[in-house]
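Down below is the structure, laid out as structure tokens.
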Protein chains: 2
Amino acid sequence: MEISCKANEVLELLSGKWKHIILYHIMEHGTLRFSELQRLIPGITKKMLTTHLREFEANQIIKRKVYPSVPPKVEYSLSEYGRELIPIMEKLDDWGRKHAGVQEENKKRNQAR
Amino acid sequence: MEISCKANEVLELLSGKWKHIILYHIMEHGTLRFSELQRLIPGITKKMLTTHLREFEANQIIKRKVYPSVPPKVEYSLSEYGRELIPIMEKLDDWGRKHAGVQEENKKRNQAR
DNA sequence: CAGAATCCACGGTGATACTG
DNA sequence: CAGTATCACCGTGGATTCTG
């Protein structure tokens, strides 16, 4: 087994209610505006979207590009560094799709109590 | 890009302050007693260890074996299902070790403010 | 040894209103 | 359009005490 204990580095980056969904959409579309993200992620508030985007930016996962126009236009895209997260997300996603059924059953059983 | 949005399935399983460390140690050692886990994870309280272990058990990630002796002896190990998480953890860990430096820098800069 | 039971603090998140 | 500012809630986690 080659596991050390650095897994939390990624986990921390992705911990936050909407973080993985945000990354997912940016990975899919390449570049997205603030309002597009908001539309693509039903239920998220501007505040949380802003917060998470700022965190990604601070971690250099995404780039933020502002167009000095009226009305404002801001585009978000993966940084080169952030692109290295893609294989990670794919791996996580593979597992999720493969085991979605099992976890669903668990949830139901937990609700039943 | 083959990413859907099921990544959160894994993320949810691993979200919890000590979860990945617990899994890490069980993966490394194969089987561990409650007290051994507690010793291997400095800072964790019995409560959190119990809580997280119970969650893993409910999700069928680990198995719990109780030896009816005095004093009690309980052993935790990966279930077959849980073993499928190993490649995931390895992937997360790979990334963590590769990018630990970058994230460290970010943390320092954030502290500096 | 391996927990269970309380009580409590804190931070992440949500709702809402306002702004350049 | 793309945010900021405030307030309020609630669940996660910590400290402590008790038990079979």
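By convention in this document, chain letters (A, B, ...) are assigned in the order of the sequence lines, proteins followed by strands, and residues within each chain are numbered from 1.
With rounding to whole Å, A/Leu32 atom CG is found 15 Å from D/dA2 atom C1'. Going from atom CD of A/Glu75 over to atom C1' of D/dC1 covers 13 Å, rounded to whole Å. One can place CD of B/Gln38 at 13 Å from P of C/dA4, the figure rounded to the nearest angstrom. Summarising the geometry, the separation between NZ on B/Lys46 and C1' on D/dT16 is reported as 11 Å, rounded to the nearest angstrom. Separating the NZ atom of B/Lys19 from the C1' atom of D/dG13 is a distance of 13 Å, rounded to the nearest angstrom. The NE2 atom of B/His20 sits 12 Å away from the P atom of D/dG13 (whole-angstrom rounding). What separates CG of A/Leu49 from P of D/dT4 is a distance of 11 Å, to the nearest Å.
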Within the sub-3.5 Å range, which N or O atoms of nucleotides 12-15 of chain C have a protein N or O partner, and how far apart are they?
residue, atom, partner, partner atom, Å
C/dT13, OP1, A/Lys17, N, 2.8
C/dG14, OP1, A/Lys17, NZ, 2.6
C/dG14, OP2, A/Trp18, NE1, 3.1
C/dG14, N7, A/Lys47, NZ, 3.4
C/dG14, O6, A/Lys47, NZ, 2.2

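Proximity of B/Arg39 to the phosphate of C/dA2: no side-chain N or O atom is located under 4.0 Å from OP1 or OP2. For D/dT4, one of the phosphate oxygens OP1 or OP2 lies less than 4.0 angstrom from a side-chain nitrogen or oxygen of A/Arg54. Look at B/Arg33 and you won't find any side-chain N or O under 4.0 angstrom from OP1 or OP2 of C/dC1.
Side-chain proximity of B/Phe34 to C/dG3, D/dA2, D/dG3: nearest is C/dG3. Picking from D/dA2, D/dG3, C/dA2 the nucleotide with the shortest atom distance to the side chain of A/Arg64 gives D/dG3. Taking only side-chain atoms of B/Pro72, from C-beta outward, the nucleotide of C/dA4, C/dA2, D/dT4 with the closest atom is C/dA2.
When A/Lys98, A/Arg97, A/Lys91 are each tested for a salt bridge (charged side-chain N to carboxylate O under 4.0 Å, His left out) with A/Asp94, only one passes: A/Arg97.
Two residues are said to be in side-chain contact when any heavy atoms from C-beta on lie closer than 4.5 Å; B/Leu49 and B/Trp18 fail this criterion. Proximity of B/Leu53 to B/Arg64: side-chain heavy atoms (C-beta onward) are nowhere separated by under 4.5 Å. Within the 4.5 Å cutoff, no side-chain heavy atoms of A/Glu55 are placed close to those of A/Leu13.
B/Ser79 contributes a side-chain N or O that, together with a main-chain N or O of B/Gln60, makes up a donor-acceptor pair within less than 3.5 Å. Checking side-chain atoms of B/Glu36 against main-chain N and O of B/Arg33 turns up a donor-acceptor pair under 3.5 Å.
Residues A/His99 and B/Glu84 bring a donor and an acceptor atom of their side chains to less than 3.5 Å of each other.
No contact: B/Tyr67 has no heavy atom under 4.0 Å from any strand. When heavy atoms are screened at a 4.0 angstrom cut-off, A/Lys73 is found touching the sugar-phosphate backbone but no base atom.
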